[in-house]
Number of protein chains: 2
Amino acid sequence: MKTNVRNDYDALADRLKEKSRLGAVMGILHWDQEVIMPKGGAGSRARQLAAMASVLHEKSTDPEIGDLLDRLLDCPEAQFNHFEWCNIHEAKRDYDLDTKVPKELVRELAELSSNGHAVWAQARENDRFEDFAPTLKRLVELKTQWARCVAPEKAAYDANIDLFERDATMEKIEPLFASLKTELIPLIRDIVENGREVPASFLAGTFPLDRQERLGRRISEAMGFDFEKGRMDVSVHPFSGGGDFTDVRITTRYREDNFVESLFAVIHETGHGLYEQGRAREWQDLPVSESLTMGIHESQSLFWERMIAQGKPFLRHFLPLLQQTFPQQLNGVSADGLYGAINRVQPSLIRVEADEVTYPLHVILRFEIEQGLFDGSLAVDDLPGVWNGKMEEYLGVRPPTDREGVLQDVHWSGGAFGYFPSYTLGAMYACQFYRALKNSVPDIERSIAEGNLIPVKEWLNRNIHSRGKLYPAEELCRQVTGETLNPDHFVGYLKTKYGELYGLTGQTPS
Amino acid sequence: MKTNVRNDYDALADRLKEKSRLGAVMGILHWDQEVIMPKGGAGSRARQLAAMASVLHEKSTDPEIGDLLDRLLDCPEAQFNHFEWCNIHEAKRDYDLDTKVPKELVRELAELSSNGHAVWAQARENDRFEDFAPTLKRLVELKTQWARCVAPEKAAYDANIDLFERDATMEKIEPLFASLKTELIPLIRDIVENGREVPASFLAGTFPLDRQERLGRRISEAMGFDFEKGRMDVSVHPFSGGGDFTDVRITTRYREDNFVESLFAVIHETGHGLYEQGRAREWQDLPVSESLTMGIHESQSLFWERMIAQGKPFLRHFLPLLQQTFPQQLNGVSADGLYGAINRVQPSLIRVEADEVTYPLHVILRFEIEQGLFDGSLAVDDLPGVWNGKMEEYLGVRPPTDREGVLQDVHWSGGAFGYFPSYTLGAMYACQFYRALKNSVPDIERSIAEGNLIPVKEWLNRNIHSRGKLYPAEELCRQVTGETLNPDHFVGYLKTKYGELYGLTGQTPS
């Protein structure tokens, strides 16, 4: 690299590091707001966050970044190593996103997204979709305009998807989701019609919070979460956040009558947290070290939650610890009994409460609705009817209220369209990654059954976490599993597992 | 106010608010670092704080602020109300402090102050003053140069004092401290020679931490600390910090063998916290609402710690609660017995452990040494000898090591010269304010003895907290007490209180 090019690159890297550090500050403020902040501080905190957002916006749109990028992108790629080239391209992407949208649109979107949350929450409380509809209409309009600014060559919905799931498009997602629909709708119908009752009454009872907390912490530690570089606390909704990879903060919530929910929230958020803790330290504060897409992030939480912790080897090993923690409820329960109870399938109205078999259909429904909203084939006012019809068609249940239907999710009220597909892409990646892990470390399930989860964490560190943004998700998937996302693996996994569990005809037990 | 003047003022106010909000963010980050942050996050946190400091510096030195100030200060004062005028003048002061020092000097000072801490800590650990001496010399040189830049008309030490204790000067402090020396050195000698042993063995024992915490929280609440707009946590060194007045965070530390230390730390920090919570909300985020000086801040913590909580009415009321909390140690102890034990006088080596009679001499010693360092009459290399000589002269004790002598305080290692006087000015203000409170609310001690501390808090809110930076400290003191700081009140208070407690001849019991 020539001197002036090196100077330009270093100047760009300095600016990217500054942005990353200020972003980490925002992360701490958000965490603090959800976990620690006294109630009375809410108004001031909003103003502090606005001041920080404005500083970050100034830093992100500084024309000097544009000049540096112009000069660097004029150089032949060979002048940079792979990591540097990635940083330059990520910076370009962000700079375009930050500068291509007219201020007035940015302002209106920020305002409407912020107010939209309150409007939605009120409409949900009152079960009145019509109160939320005007906001939703305007948000779709604005996000269509926004898409035209940032990616005029793309369909508006694709530009929205791309924000969360880089390089994913309707064209790529549709066939994947079509396979899932084809296979899962009948599978769910078979499970329901089969009518087998999986005993789970031992999951009810009273589970002291301090015991739940100790249990969660112990399992998080067993998964390899580094508490010297992270924390675990309580918040209303579990999340993973904090500063950078040396300060990763996960949260859960506790209910005295349900330890499974909090435990699996801990495991899920630990999965997210391990991704962050596993980032490449030599590229600290630079884009190349950041997590790849929402789907890949979700693949990490679901990997641990579903592929590991809902699996037999894990449950077999941790059953004695669970029994020791909650002897009254769990003494006498077998590993198979626990496995069955944890993996019950039950079509239900609420996405966040869904099991792994029915969950994809909640997502597909939203994906189809978002497509319709953006291509104009679906009117906002028709949403409740369309929603309820699809619920009946896909899952055989019909929401009695919009609160349990179209008004249940927060995402749209903040202008987040195109986010939902990532949940199911994540589940599919998780399944495919787990298959690759079993292939490359044949005795991994024995290791898990012995309670040694570190080889799992290290495999994920090596193959996914440390690779940051180096490759597109499709390419990462190909490198790790030998092929791009293939719905057959996910469908096969679900059919085998639940065929066995529910004793379905024509299913081969694993 | 004319339109363009109004516009200028509003533009200035917006910038001041932004600075205040970003400053609050720094406050949260600092609190988080001391209380919550996982160890491993230290390196990243330092970089986040540096990024924030750099943003704040950019904002503070923006030439547009200078232009706005030039235009506003050209207008006749009558165009603004008192609060606005105060904001303009505070902004001018800060802008001058931020822009009058050459970048190179700012950089060297920042670096040396930051490294100085580690050098000092190591020197203290090894008890080797000579290892810290070169850093200290250079810091005095740089702070002399700095003073020449920010206030060329002042003596260098005065400019340093002014940073913490606005408008205080050597000329004003010297006669105050001279009175204290004249009166307190013989008082302390009398106490020591009198040899009366005040029983305090009941303050030793084991005090469970959860009980200490509940006790501290209960007393903090009784003082009127608003836990909806604040928190209380644990840190290595107790402090008061957080965001703005809606998010005030105090800390303490607990030792199982000593509940007095943590309880009085809670009371002290609650005093600071009440000052912050009591700021004028109509001027939120503007300088006029900020606390006045370090001395006035300390007057608020010491007001509660010494004037209230070390006094008989308070101890009489809370003795039953203390006994209920620690029955094993305190059952059978009388209110007078507790009062005596809490108020023991004992000349000692360490400032932060000193009682209210000996504390001022620790401060006066440092004030005299700092004067000598800045006027050139005292060489850094001679400090240990001078220190030990003064300790012997003032308090009759001689530090056996520099660790317990000249190396004990952190302040100089960070370039904070002129800070120490504020501690004793604060103690004097506290005493004079308490006298004014008793005069204006004659039955206040009955209220305290009944456990009703809210009238105390409200009097402080009204007379001190809500007045922010409206008046110089001297003027505030005159408004509240009818005169400027008068050492006779402080000396009289100490002589009466300790004359009675130690049965000294010629002292009249109160």
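Here is how names work: the chains are called A, B, and so on, in the same order as the sequence lines, proteins then strands, and each is numbered from 1.
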*Apply the test salt bridge (charged side-chain N to carboxylate O under 4.0 Å, His left out) to residues A:Asp226 and B:Lys39: give CA-CA distance (whole Å), side-chain angles for both, the deciding distance (0.1 Å), then the verdict.*
CA-CA 11 Å; A:Asp226 182 352; B:Lys39 266 192 226 165; over 6 Å; no
*Any side-chain heavy atom of B:Glu58 within less than 4.5 Å of one from A:Glu58?*
no
_Counting C-beta onward and ignoring hydrogens, is there a side-chain heavy-atom pair between B:Arg21 and A:Ser44 closer than 4.5 Å?_
no
*Counting only heavy atoms not in A:Arg218, do more than 12 fall under 6.0 Å of its CZ?*
no
_Neighbour count above 12 (heavy atom, 6.0 Å) for B:Lys19 NZ_ = yes
*asked:* I need the residue from B:Val248, B:Asp244, B:Asp285 with the largest number of non-hydrogen atom pairs under 4.5 Å to chain A.
replied: B:Asp244
*Flag the one option from B:Lys17, B:Arg45, B:Glu18, B:Arg47 with the top tally of heavy-atom pairs under 4.5 Å to chain A.*
B:Arg47
Does any backbone or side-chain atom of [X] lie under 4.5 Å from a heavy atom of chain B? Answer side chain, backbone, both or neither.
X: A:Phe245; result: neither
X: A:Ser20; result: neither
X: A:Lys59; result: side chain

_Point-to-point distance, once rounded to the nearest 0.5 Å, from CD of A:Gln48 to CE of B:Met26_ = 13.0 Å
*Looking only at atom types and distance, does a side-chain atom of B:Arg231 sit under 3.5 Å from a main-chain N or O of A:Ile36, one as donor and one as acceptor?*
yes
*For chain B, which of A:Asp233, A:Val25, A:Leu49 has the most heavy-atom pairs under 4.5 Å?*
A:Val25
*Closest heavy-atom pair and its distance - A:Thr246, B:Gly40*: CB-O, 3.3 Å
_How close do B:Gly41 and A:Asp247 get, counting heavy atoms only, and between which atoms?_
CA-CB, 4.4 Å
